[in-house]
Amino acid sequence: MTVARHGANRSSRIAGFHRKPPQERLDLVASFAGLDAATAAHLADMGNLPPQLADKMIENVIATMNVPIGIATNMKVDGEDVLIPMATEESSVVAAVCNAARQTYDAGFTTSVSGTLMIAQVQAVEVPDPYAARLRLLEKRDEIKAICDACDPLLVKLGGGFRDVEVRILDTLGGPMVITHLIVDTRDAMGANAVNTMAEKIAPHIATWSGGRVFLRILSNLADRRLARAHAVWRLEDIGGESVRDGIISAYQFAEADPYRAATHNKGIMNGISAVILATGNDTRAVEAGAHAFAARSGRYTSLTRYEITKDGHLSGSIELPLAVGLIGGATKIHPTAQACLKILGVTTAERLARIIAAVGLAQNFSALKALATVGIQSGHMALHAQNIAIMAGAVGDEVEAVAKVLVERATVRIDIAQEVLDIIRR
Ligand SMILES: CC(C)(COP(=O)([O-])OP(=O)([O-])OC[C@H]1O[C@@H](n2cnc3c(N)ncnc32)[C@H](O)[C@@H]1OP(=O)([O-])[O-])[C@@H](O)C(=O)NCCC(=O)NCCSC(=O)C[C@@](C)(O)CC(=O)[O-]
Ligand SMILES: NC(=O)C1=CN([C@@H]2O[C@H](COP(=O)(O)OP(=O)(O)OC[C@H]3O[C@@H](n4cnc5c(N)ncnc54)[C@H](O)[C@@H]3O)[C@@H](O)[C@H]2O)C=CC1
């Protein structure tokens, strides 16, 4: 069945859409968009996410989006071998991590974290005496702690809960604001809901104590009390010698100095990080926002990694960034694929997960810089992307590899060439 493009229902005002079951919603969308029966049937197949679960995870569900999960091999983090599931749509991302880890497999990556502390902000405006109000709020520390901890007795029982209060006076376009930070240990949860609940509970008290009006009560994604760090040494003989080392260091120096380059450099790092975040059901946007804000913390957007030469002349790489990830909460606990990925990783604490993810970010960056500083990105990346181009050109089954092989041999990974090659193969 083909429904005309401008089908029966062309209004986006669909009252009660959210109350309909997914199949009925899909029928409405198919009619609106003129989807043919095969496309609608494709969307109706929810793969390995049970439709009842998908329908509860977000609103107005009609389908799921399947992204491949690849396994990064060769990773050793703090002396322990680990296989890393990465969910990404981009070719060569998984290969890049395997490749970097292989070149430092014996020593592996060493990691640490600064803690599992999250920050919630409470905004007070029109405070008559901001500086005195700040002190009044700080004096209420014990009361604030009691109110916050009462919000989440389970978290407290697990060793988490309120840790501290900080108050900042912010000069803004609307005059001074009194910003209270609740510092909360959220243990194995990412912690957004946990700290937001506390911020909302404490807000009326802050209004009273400060004498101002309270508006926003929400966590900060600049989770700079939850930093994850990783470092590794790549030996000269394993990476191809001094000129490769120096090329990688120069690439880092370029990113350090220039926000145009740093954006791309950090995008490469997030290729690895976001893929593990997604595979484990964590919040990709929260981590990405935190990473980029941290990269700009000095007022100048810069590189999240650093490269140096060790005293023996080898290449030392390091990374530090906020990684607010959890094993509980969000989709981590309810998405069956996220649960399976966490099992593959063998992690039992959010801290260990953050450490592994930091190592993946560094590995990803090493491979990208090495490729960029030597043969260029296209030979490795495009060689792997060639299969996608072959599929775009219409190749199926064995044709995909055959077409991709010719594209790589000719060093021209283009769809028009792929079509020509496919025609020849099919003749
Ligand atoms: C693509 C490679 C790895 C080829 O690298 P190569 O040296 O040609 O590969 P190789 O065939 O010699 O194999 C070396 C190892 O790489 C891995 N490897 C090799 N091939 C595969 C594969 N098919 N699947 C899985 N793993 C693979 C694997 O570990 C293998 O060891 P082995 O297992 O054989 O003992 C290399 O060129 C590379 O690391 N390139 C970087 C790719 C990259 O960064 N991709 C991200 C996308 S580009 C981007 O978005 C970010 C960027 C670049 O703009 C960031 C920036 O600018 O900073
Ligand atoms: N700006 C942002 O980043 C925002 C993100 N979110 C969303 O919030 C969700 C994450 O919130 P969470 O508070 O992490 O989830 P949550 O509220 O679902 O679960 C956390 C709760 O689980 C309990 N818990 C059980 N075992 C625990 C353990 N071992 N360690 C710690 N707590 C344990 C605690 O009571 C804790 O409060 C994500 O889905 C995120 O997308 C929500 C609002 C804003």
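All ligand and atom numbering here is 1-based and tracks the order in the structure.
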(message) Tell me the protein heavy atom at minimum distance from atom 31 (C) of ligand 2, and give that distance in Å.
(response) T186 O, 3.3 Å

(request) Decide whether an N or O pair under 3.5 Å exists between G191 and ligand 2. (result) yes

(message) Give me the residue, atom name and distance of the protein heavy atom closest to atom 19 (O) of ligand 2.
(response) G329 CA, 3.7 Å

(message) Considering both backbone and side-chain atoms of N196, is one of its nitrogen or oxygen atoms within less than 3.5 Å of a nitrogen or oxygen in ligand 2?
(response) no

(request) Using distance alone, determine whether A331 and ligand 2 share an N or O pair under 3.5 Å. (result) no

(message) Test your reading of the structure: does N99 have an N or O sitting under 3.5 Å from an N or O of ligand 1?
(response) yes

(message) I want to know if ligand 2 touches D188 in the polar sense, i.e. an N/O pair below 3.5 angstrom.
(response) yes

(request) Flag A194 as yes when one of its N or O atoms lies below 3.5 Å from any N or O atom of ligand 2, and as no otherwise. (result) yes

(message) Give me the nearest non-hydrogen protein atom to atom 40 (C) of ligand 2 as residue plus atom name, then the distance to 0.1 Å.
(response) D283 OD2, 3.3 Å

(message) In the complex you have, is atom 21 (C) of ligand 2 within reach of the protein, judged by whether a heavy-atom distance drops under 4.0 Å?
(response) no

(message) Would R261 count as being in polar contact with ligand 1, using the rule that some N or O on each side must be under 3.5 angstrom apart?
(response) yes

(request) Using a strict 4.0 Å cut-off to heavy atoms of A95, name the atoms of ligand 1 that fall inside it. (result) 3 (C), 17 (C), 21 (C), 22 (C), 24 (N), 25 (C), 26 (N), 27 (C)

(request) Please indicate whether any nitrogen or oxygen in K267 is less than 3.5 Å from any nitrogen or oxygen in ligand 1. (result) yes

(message) Give me the residue, atom name and distance of the protein heavy atom closest to atom 35 (O) of ligand 2.
(response) D152 OD1, 2.6 Å

(message) For ligand 2 and R285, I'd like to know whether there is a polar contact (N/O to N/O, distance under 3.5 Å).
(response) no

(request) Starting from atom 49 (C) of ligand 1, locate the nearest protein heavy atom and write down its residue, its atom name and how far away it is, to 0.1 Å. (result) N271 ND2, 3.4 Å

(message) Less than 6.0 angstrom from the centroid, inside 45 degrees of the normal: does K76 satisfy that with respect to the ring of Y105?
(response) yes

(message) So for V94, does at least one of its heavy atoms come nearer than 4.0 angstrom to any atom of ligand 1?
(response) no

(message) Using a 4.0 Å cutoff against the non-hydrogen atoms of H265, which atoms of ligand 1 qualify?
(response) 58 (O)

(message) For atom 44 (C) of ligand 2, what's the nearest protein heavy-atom neighbour? Residue, atom name and distance, please.
(response) L219 CD2, 3.7 Å

